[in-house]
Amino acid sequence: KPTIFSGVQPSGIPTIGNYIGAMKGFVDLQDDYETTYCIVNQHAITVYQDPKTLSQTTRLLAALYIAMGLDPQKSTIFIQSDVPAHAQAAWIVLCQTGVGELERMTQYKDKAQKQEVVSAGLLAYPALMVADIILYDAQYIPVGEDQKQHLELTRNFVDRFNNRYGNGKDLLVKPEPMIPKSGGRILSLQDPTSKMSKSDANTKAFISMLDEPKTIIKKIKSAVTDSVGEVNYDKENQPAISNLLDIYSALSNRSIDDLVNEYHSLGYGKFKSDVADQVVATFEPIQQKYHQLVNSQELTDILVEGAKTANETATRTLSRMEKAIGLTYKP
Ligand code: TYM
C-alpha cells in the first residue's frame, strides 16, 4: 500500500478549514493507504503555548481525530513528542538546509511578523516537518494549500540528501502533496482575503470543530458577503460566497455546480441558513463522540500504542540516515 503521513498542530481547537483542507481527507484515505497521522505538539511550541492549555489541546486533537472517523486499527495515531526520532532527524535536516531557504518560507514570514521575539525554532520549523514526513517514507501528504511551500522544501531536501549520500540509490522517499480540488484554502468568514485560522483574534472569523450549533449558525449568519445578490462560484469577484460554496460542497459531497444551480437566485439568507445546517449536521455527531472519548483511558491507550508503532518505523529510518552520513562508528 502507498504511504500517507500528515499532521495538525495542537495550537488551538481545529477549525472547519483544517477539517476541509486536510483532516477530512485523512479519514477517506485509511482504507487504500498505509496511513500515519501525528499531533505535532513540537511544531506548536515554535510560538509560546500555555503549558496546561497545550497538553489539553493535544488530547483534544487526538480525540477529534478518532471522533471524526480515524480508526486506530487502520491508522497509526500518535503524539510527535512521543517519538524522539523527529527532533533527531530534524537536526540532520537543519544541518543541510540553508538559512536563506528557511527565511523564504511565507508561513515563517507571516508568523515572525506577529512575534515580539522570533524563536530559532520558528525559523527551523519546516525542517521538523521534513523530518516528520521522511521518517515514515511517506509518498503522499494530505494538506491544505498553505503547506505547499513546505512540501516543496521537503522534496528539495530529499533530492539533495539522495544525491549526496545515496550512491545512486534513493535513501529517502520523495513525497507529493495531496491538496483537495476545492477547499484547499478555506477563507476567514470576516475577511475573504485571508485564510481561516484557529488563532485569529476575531472568533467570528472561524468556526471551530467544537463550536456549538447556535454559535455555528450565528457565525455563518454574520459572515461577510457582497452586493451581487446571486450565488455564483467566482473567487475573483465573489470570494466570500465562493468560500461558503467550498464549505457546503466539501461537507455535503455535492458538486459546486449542483449547489450553484440550486441556490443561484434563492438569496443569501436561505443559502447561508442551509450552509449552517450542513455544518451543524457534519459536526454534531463528531462532537458527541469527542465528548465520550476525550477523558477516556481508551484514548491514552490508543496514543501509547500509536507511539510504539511510530517509534519502530521512525527509528529504522533515522538509523538509515545516520549511517549514510557517517554518524556511526561500529565497523
Ligand atoms: P496546521 O496545524 O496549521 O493545519 C493543519 C492542516 O490544515 C490545513 N489548513 C487549511 N486548509 C484549508 N483552509 C484553511 N484555512 C486551512 N488552515 C489550515 C493545513 O494546510 C494543514 O494541512 N505544518 C503543518 C503541520 C505539519 C504537517 C507535518 C503536515 C507538521 N508536520 C507533516 C503534513 C506533514 C501545519 O502547521 O498545519
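When a ligand or atom number is given, it counts from 1 through the structure's own listing order. Model, not experiment: these values are computed from the prediction.
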*Could Lys198 and Phe206 be counted as a cation-pi pair, given that NZ or CZ must be under 6.0 Å from the ring centre and within 45° of the axis?*
no

*asked:* What does the 4.0 Å heavy-atom contact list look like for ligand 1?
replied: Phe5, Ser6, Gly7, Val8, Gln9, Gly17, Asn18, Gly21, Ala22, Val40, His43, Tyr125, Met129, Asp132, Ile133, Ile141, Val143, Gly144, Asp146, Gln147, Gly183, Gly184, Arg185, Ile186, Lys195, Met196, Lys198

*Does anything in residues 83-131 pair up under ring-ring contact (aromatic ring centres under 6.0 Å, His included), and if so which pairs, sequence neighbours excluded?*
His43-Tyr125, Phe78-His86, His86-Tyr136, Tyr125-His150

*Aromatic ring pairing Phe271/Tyr248, orientation class (parallel under 30°, perpendicular over 60°, tilted between)*: tilted

_Under the side chain to side chain donor-acceptor pair (under 3.5 Å) test, residues paired with Asp32 that sit two or more places apart_ = none

_Pairs meeting criterion side-chain hydrogen bond (donor to acceptor under 3.5 Å, both in side chains) with involvement of residues 304-331, two or more places apart_ = Asp137-Arg320

*Just checking, is any N or O donor in the side chain of Asp226 or Tyr268 under 3.5 Å from an acceptor N or O on the other one?*
yes

